[in-house]
Q: 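Quick one: structure below, then a few questions.
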Amino acid sequence: MALKNRVCSLKKLNIFQEVLKRIKDKSEIISLAVGDNPGPIAGSVIQDLVKEAQKFSTLEGHKGYPPEDGLNELKELINEIFYKGQFSLEEIFISDGIKTDLFRFQTLFGDEAKSSFFVPGYPTYKEGCQIIKSPTYPIYLDPHYGFQPDMNQLVPFDVFYLCSPNNPTGVALDEIEFKKIFDKAEEFGGIIVHDACYSPYIQTQKPKTIFFTPGAKKLAIELGSFSKWAAFSGIRLSWTVVPKEVKYQDGTSLLDAYTAFLNATYNGVSWLSQKMGISLLKNPNLFLNEITLTMQRVQKLKKAFVEAGYLVFGGEDCPYFLVKSEKDLLEKHQILTLPLESFDAQYKGFSRVSGFVSEKNLENVITRLQNSS
Ligand code: PLP
């Protein structure tokens, strides 16, 4: 019974299927609904993967369990590229995805932790808490304020799941907004779990990491992932930074607690995924160019929606933006987007547009929008 309530009730609103049923000719549909980078991954990274894989076919080259906290070479590259080398390697953990890491932390924090997050947001912040039956305090973003978070609305929390740039709103926080949430964390004695899944896409001067200021080191941890900007969602590779200064509300060092938790429950990420990550980070131009191209496509897409008369939010620092539409994007233009009501029923009339789109589909979408205006 308890399992049924906690887990089986997490049913998804399948609005896609419902809308698709109404469309007679599906061959014309272009999807801007999926938030997954179509790739491909650079050939040099795959060559390094193959070399590494071949070692496993020899007795001398075969390796067993990887270190559970990850390979130092990968940690060093992450530290240099994303954090200007400000962390020690013990504070960085390599993992198999932000989604699994979020649930690891939720499990670690336990069923008494008061968790808060912005809605609409990545569903695991809420659903993971629901599974372990910990109390949640959603803070709803207001379309009238352009889906910008209002930090004055925050209520006492032990843990705040923060995502900048946010999925699905595509909005990134500036330094002032980050500082406001740091003040709240200090006031409430809580910590911030920053999901930096889309941070490398930031194009403006907004912070790409919550650790842009040293003060954050006692208040926050950060989760990063190769899934989106490196097209590694099928490879599974991510990291978590847990600064040694962070203390949970009972005074425990989070770094000590997380290390013990991983020792007990985890055996590390595949050598092969990690070698691919190392190969990619050794040549940052491979992903920096892709990020630039993706964000150029997003800007073109956004412009086309604006010129077709739609109200648009976000998309400056993230491959997603929101469009105000009453499901008519599909019926009018045969463009499939992700209805925001699949995140929360109160956001009916808005859709998330994903800029992970091929050049060909981008041109087709622009033409359709131009012809309709
Ligand atoms: N966090 C956010 C905000 C996401 O949008 C997603 C995937 O869509 C994830 C985390 C999942 O990341 P990963 O592939 O590293 O598990």
Side-chain angles (χ1 to χ4, degrees), residues 2 6-7 68-70 75 83 86-95 97-119 121-122 124-139 149 151-164 178-196 209-224 238-268:
R6 285 189 293 122
V7 186
E68 68 210 14
D69 56 338
K75 292 186 187 195
Y83 302 106
Q86 58 174 311
F87 292 102
S88 64
L89 298 192
E90 300 80 64
E91 295 167 289
I92 302 175
F93 299 85
I94 305 300
S95 187
I98 291 183
K99 193 170 192 174
T100 26
D101 270 349
L102 283 166
F103 192 59
R104 283 192 185 104
F105 279 102
Q106 287 164 330
T107 311
L108 173 69
F109 296 141
D111 60 2
E112 287 178 5
K114 292 193 235 88
S115 296
S116 196
F117 40 79
F118 291 117
V119 177
Y122 190 55
T124 304
Y125 310 145
K126 177 179 164 198
E127 293 176 350
C129 291
Q130 195 173 327
I131 291 170
I132 61 160
K133 281 184 106 173
S134 68
T136 55
Y137 301 86
I139 309 289
M151 302 304 175
N152 295 321
Q153 292 196 356
L154 299 196
V155 294
F157 59 80
D158 295 318
V159 185
F160 196 96
Y161 295 93
L162 181 70
C163 186
S164 174
F178 268 113
K179 284 184 179 144
K180 281 188 191 159
I181 194 164
F182 296 157
D183 289 346
K184 289 287 180 187
E186 283 199 301
E187 183 187 334
F188 301 146
I191 59 171
I192 301 163
V193 174
H194 182 225
D195 178 344
T209 164
I210 197 161
F211 302 117
F212 68 92
T213 169
K217 282 191 182 171
K218 61 180 195 315
L219 299 170
I221 66 173
E222 183 160 276
L223 316 185
S238 68
W239 70 87
T240 299
V241 179
V242 184
K244 53 183 175 318
E245 292 88 341
V246 183
K247 300 244 184 303
Y248 197 55
Q249 20 96 325
D250 65 350
T252 311
S253 150
L254 196 57
L255 182 58
D256 289 349
Y258 194 53
T259 306
F261 178 89
L262 289 184
N263 280 332
T265 60
Y266 188 54
N267 266 335

Q: When the ring centroid of F105 is compared with that of F261, is the distance short of 6.0 Å?
A: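 Judged by ring-centre distance (under 6.0 Å), F105 and F261 do not meet the cut-off.
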
Q: Heavy atoms only: give me the nearest S253-D256 pair and the separation to one decimal.
A: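 Scanning both residues, the minimum pair turns out to be OG-N, 3.0 Å.
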
Q: Between R104 and S95, is there a side-chain donor-acceptor contact under 3.5 Å, judged purely by atom types and distance?
A: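 Yes.
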
Q: For S115 and Q106, which I'm curious about, is there any donor-acceptor pair between the side chains at under 3.5 Å?
A: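 On atom types as modelled, these side chains do not qualify, holding no pair under 3.5 Å.
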
Q: If you draw the axis of the six-membered ring of F87, does the NZ or CZ of K217 fall within 45° of it and under 6.0 Å from the ring centre?
A: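 So K217 does make the cation-pi contact.
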
Q: On a heavy-atom basis, which atom in P156 and which in K114 lie closest, and how many Å separate them?
A: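 Smallest interatomic distance, heavy atoms only, reads O-CD, 4.3 Å.
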
Q: Show your reasoning for whether side-chain contact (heavy atoms from CB on, under 4.5 Å) applies to V159 and F117.
A: CA-CA 9 Å; V159 185; F117 40 79; over 6 Å; no

Q: Can you give me the closest heavy-atom contact between F93 and T259, atom names plus distance?
A: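 The answer is CZ-OG1, 3.7 Å.
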
Q: Is a side-chain donor or acceptor of Q153 paired with a backbone partner of I139 at a separation under 3.5 angstrom?
A: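 Not confirmed, Q153 side chain does not pair with I139 backbone.
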
Q: Show the nearest heavy-atom pair for residues F188 and L154, with the distance to one decimal.
A: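 F188 and L154 have their closest heavy atoms at CZ-O, 3.9 Å.
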
Q: Rounded at 0.5 Å granularity, tell me how far CG in L255 sits from CD in E245.
A: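 If we round to the nearest 0.5 Å, L255:CG and E245:CD are 9.5 Å apart.
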
Q: Do you know the tightest heavy-atom contact between A216 and I210?
A: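 That would be CB-O, 3.2 Å.
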
Q: When rounded to the nearest 0.5 angstrom, what distance separates CD in E91 from CG in D69?
A: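 So the gap between those two atoms works out to 12.5 Å.
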
Q: Within the 4.5 Å heavy-atom criterion, are Y258 and D101 side-chain neighbours or not?
A: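 SC-SC contact between Y258 and D101 confirmed.
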
Q: Using the ring of each side chain (for Trp, its six-membered ring), is Y83 parallel, tilted or perpendicular to W239, with breaks at 30° and 60°?
A: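 Ring orientation, 0 to 90° scale: perpendicular.
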
Q: Any carboxylate oxygen within less than 4.0 angstrom of a Lys/Arg side-chain nitrogen, looking at D183 and K180?
A: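 Answer for the salt bridge query: no.
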
Q: Nearest 0.5 Å, please: how far is CG in L254 from CD1 in I221?
A: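 Result: 5.5 Å between the selected atoms.
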
Q: Please round to the nearest 0.5 Å and tell me the distance separating atom OG of S116 and atom CD1 of I192.
A: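 If I round to the nearest 0.5 Å, the distance is 11.0 Å.
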
Q: According to ring-ring contact (aromatic ring centres under 6.0 Å, His included), who are the partners of F212, at least two apart in sequence or on a separate chain?
A: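 Counting only residues at least two positions away or on another chain, F212 forms a ring-ring contact (aromatic ring centres under 6.0 Å, His included) with F178.
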
Q: Once rounded to the nearest 0.5 Å, what's the spacing between atom CD of E187 and atom CD1 of I181?
A: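 Between atom CD of E187 and atom CD1 of I181 there are 12.0 Å.
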
Q: Is it the case that atom NZ in K184 sees more than 12 heavy atoms from other parts of the structure closer than 6.0 Å?
A: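 Counting neighbours around NZ of K184, more than 12 heavy atoms of other residues, nucleotides or ligands fall under 6.0 Å, so yes.
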
Q: Work out which heavy atom in Y125 is nearest to a heavy atom in C163; give both atom names and the distance.
A: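 Heavy atoms only, the tightest pair is OH-CB, 3.3 Å.
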
Q: In Å and rounded to the nearest 0.5 Å, what is the CG to OG1 distance from L102 to T124?
A: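 Rounded to the nearest 0.5 Å, the CG-OG1 separation comes to 6.0 Å.
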
Q: Can you check whether Y161 and Y122 have ring centres sitting under 6.0 Å from each other?
A: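 That pair fails the under 6.0 Å test.
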
Q: Would you find more than 12 non-hydrogen atoms of other residues, nucleotides or ligands less than 6.0 Å from E186 atom CD?
A: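 Above 12, so yes.
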
Q: Please answer whether the main-chain N or O of P138 pairs with a side-chain N or O of T136 as donor and acceptor at a distance below 3.5 Å.
A: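 Looks like no, no N/O pair under 3.5 Å.
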
Q: With no hydrogens and no angle check, is any side-chain donor or acceptor of D111 less than 3.5 Å from a backbone partner on I132?
A: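 Not confirmed, D111 side chain does not pair with I132 backbone.
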
